[in-house]
Q: 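Below is one structure. I have some questions about it.
Values below: all heavy atoms of this structure, side chains included; hydrogens, waters and symmetry mates excluded. Each chain gets a letter, A, B and so on, in the order its sequence line appears, and its residues count up from 1.
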Number of protein chains: 2
Amino acid sequence: MDVEERREPTSKRPTIEMVASRAGVSRQTVSNAVNAPHRLRPGTLAVVRAAIDELGYRPSQAARSLRTQSTRVIGCRLLPGNYGGTGGVLDRLLHSLCDTARSNGYDLLTFSANDDDDEIGVYDDLLRRNAVDGILLTNTHHGDARPDWLLERGARFVAFGRPWGRRGVKHSWIDVDGARGTAEAVAHLARLGHTRIAFLGLPEGNGVGDDRLAGWQRQTQQLRLATKGLLGRAEDGIASGRALADQLLDSARPPSALVCVSDAMAIGAMRAVEDRGWRPGHEVSVVGFDDSPVASVIRPGLSSLRQPIEAVANQLVETLLVVLSGRTPRPERTLLAPRLVVRESSGSREIRQIGTAAEAR
Amino acid sequence: MDVEERREPTSKRPTIEMVASRAGVSRQTVSNAVNAPHRLRPGTLAVVRAAIDELGYRPSQAARSLRTQSTRVIGCRLLPGNYGGTGGVLDRLLHSLCDTARSNGYDLLTFSANDDDDEIGVYDDLLRRNAVDGILLTNTHHGDARPDWLLERGARFVAFGRPWGRRGVKHSWIDVDGARGTAEAVAHLARLGHTRIAFLGLPEGNGVGDDRLAGWQRQTQQLRLATKGLLGRAEDGIASGRALADQLLDSARPPSALVCVSDAMAIGAMRAVEDRGWRPGHEVSVVGFDDSPVASVIRPGLSSLRQPIEAVANQLVETLLVVLSGRTPRPERTLLAPRLVVRESSGSREIRQIGTAAEAR
DNA sequence: CCCAGCAATTGGATCGTTCATCTGAACGTT
DNA sequence: AACGTTCAGATGAACGATCCAATTGCTGGG
């Protein structure tokens, strides 16, 4: 049986015709064996399948695409990594996307772009060339031009991220419930005994930032905790986090815990705490968002809200497949919950009133 | 002129035939206008191009692939991110690959795999379906089955990483000169006054590890520095780095500087230093490898060897294009130099003989 | 024995492009 | 004027699959 594995050196890729003649049937029967096995009698199916295996036949993607007008390829922009700060989320996403796509018979085509206009340019190219069936949109934001452009063009897509500030949205999206995450962080800190829990957020108008802020507001209100003078806003980054935390900790009635809109902010906040000779998780607790790789590497470890990226990826692909199938009754909206990963920066320990302690010096 | 941008709702993607009839020429002339403009008279070329622009025509990828038997797609495995530790290198690579590929008219198809066998399975699929023209291989290692498999199959590929432990290699590769990097690190530390410079490496047999080790050996020898008892080996990771550093620092004649095979190791080493109440960059200097995002975020900042990933990506794609063009005289080998990024973990400062200091206690 | 009815199978047309080949005109040479 | 050469452009034939309508084979009823 050592002939089976040996392929004739002269022969190129096997075509459907070669399989057909080997199995003693017609092209179409082979095609059916691959695409609609139920149409064949069990006997013929077995024969055809044997021929397929012997020749190692796989339908040519190009021929198939040309005929069916579908490529079985999904396009996805590679976000410009904010690796200076946190990073890591998009890698997990990409991995999971590949897995889910592949197990559904799709390939993932990635590309990078410098900004949204650039990205639209790539979409234009991909769609015109019929190089992808659908698109996964990431990093939606206020005033995002991309969804409208795609809709107008009649492109099939699903977004990771809500259509911030829009009504009557016509496309499906999946997102992580940031508010729920920060609310959980507040609850966690409150259970540890904190009563003055601050929030380090982004400038107003940032969808993600406002969402995460809302969770803090909601939960502090529900627990009847103070919020006045406990909100700071700035652009994302370690430096901003440090500056905001400095400001809050220097105030008359400083917080004893800081919930941060991102890990970068949180790392900055931890530095501000350390600058005062305090230890995050003792005198002041800090919680970040995204559970980036850095969070588990720095010392003390940073408690952070981990997005269920694998689930997001599954949902994205599966929803896109529904959209691609054409029969979408109406846009689907999915919100998934993040999970708090507790580390030393907010570990349980005796609480110390830093405000009074500072005064006591 | 508002007609120009309006596309008839009934019309599908424009085909070459539509462009041809609009321009009053034949299919082939349009094809030539796109693929071999020099064959057309300037006048006709202008007319055809006008028609192309008006209709927004782009050749169908599928039809083109079917006819030319080439997809203009490059496949690349998404490495299982070791994000727990360092990560980040592959993201930069991926971004650059996308950019370079796209500017050369190619698309990048990514996929993930659990292990090499799995990866070969995907290659098999992609090649059988004719879904990619070529492949970029990453993370080569000793006893790697993938290159041979690809060669036997006649697939076109280029590797990022040397074919460790092989002779008479038949494929092109690009790699970063790890030895040169660690040699530079040793030279850097020696300039700062260090005389006992240790190396934290990987178990023997790991290509990357042995390469980086070789640079340390070479440079210490050239500078006539001690090496005896200054080499530690273990699996990669923060814990190993810490353990190895502990061992070295506890020895009778401890090193005052640690060159590490990876940032994860280096971070572990920094912890060992801190555990002793010392500060990395003062009592003991530490240098890592890869300049992962973490290196710039932790405090003190970790000096690290940064791989020229963008250049690697360019080289990879360009070399693959040469391979794809078919006229490859012989395999190309390219070694690029890493660059030392100096941060506080090895900043210039007064040297203190930690050996004698310890004895003096 | 014949034929309707149904399922299994077949062959031609087609997707949109490029390749190979051909036509005809322009041009220069003898 | 006859000839060969070059060049712009046109035509038919692929590439390898699937769609569609037609055909074959089989079963069972009259």
Q: Base contacts versus sugar-phosphate-only contacts with protein, heavy atoms under 4.0 Å: please encode nucleotides 9-15 of chain D as B, S and - from 5' to 3'.
A: SBBBBBB
Q: Axis-to-axis angle across the helix from C:dC1-D:dG30 to C:dT30-D:dA1, five pairs an end, to 10 degrees?
A: 60°
Q: Inspect the contact between A:Asp124 and A:Arg153 and indicate whether a charged nitrogen and a carboxylate oxygen are less than 4.0 angstrom apart.
A: yes
Q: State which residues pass ring pair (Phe, Tyr, Trp, His ring centres under 6.0 Å) with B:Phe160; sequence neighbours excluded, sorted by chain then number.
A: none
Q: Can you list everything that forms a side-chain hydrogen bond (donor to acceptor under 3.5 Å, both in side chains) with B:Ser31? Sequence neighbours excluded, please.
A: B:Asn35
Q: Not counting sequence neighbours, which residues clear salt bridge (charged side-chain N to carboxylate O under 4.0 Å, His left out) with B:Arg146? List them please.
A: B:Asp116, B:Glu119, B:Asp144
Q: Can you give me the first and the last nucleotide of DNA chain C (5' to 3') that has an atom within less than 4.0 angstrom of a non-hydrogen atom in chain A?
A: C:dA8 to C:dG16
Q: Could you pull out every donor-acceptor pair under 3.5 Å between side chains of residues 15-25 of chain A and any protein atom, sequence neighbours left out?
A:
residue	atom	partner	partner atom	Å
A:Thr15	OG1	A:Glu17	N	3.2
A:Thr15	OG1	A:Met18	N	3.4
A:Ser21	OG	A:Met18	O	3.2
A:Arg22	NE	A:Glu54	OE1	2.6
A:Arg22	NH2	A:Glu54	OE1	2.7

Q: Taking ring pair (Phe, Tyr, Trp, His ring centres under 6.0 Å) as the test, write out the residues that go with B:Tyr106, two or more places apart.
A: none
Q: Report the residues that fulfil side-chain hydrogen bond (donor to acceptor under 3.5 Å, both in side chains) with B:Arg333, sequence neighbours left out, ordered by chain and then residue number.
A: none
Q: Report the residues that fulfil side-chain hydrogen bond (donor to acceptor under 3.5 Å, both in side chains) with A:Arg102, sequence neighbours left out, ordered by chain and then residue number.
A: A:Asp107, B:Asp125
Q: B:Asp133: which residues meet the side-chain hydrogen bond (donor to acceptor under 3.5 Å, both in side chains) condition with it, sequence neighbours left out?
A: B:Thr71
Q: List in chain and number order the residues that pass salt bridge (charged side-chain N to carboxylate O under 4.0 Å, His left out) with B:Arg166, two or more places apart in sequence or in another chain; answer none if no residue qualifies.
A: B:Asp148
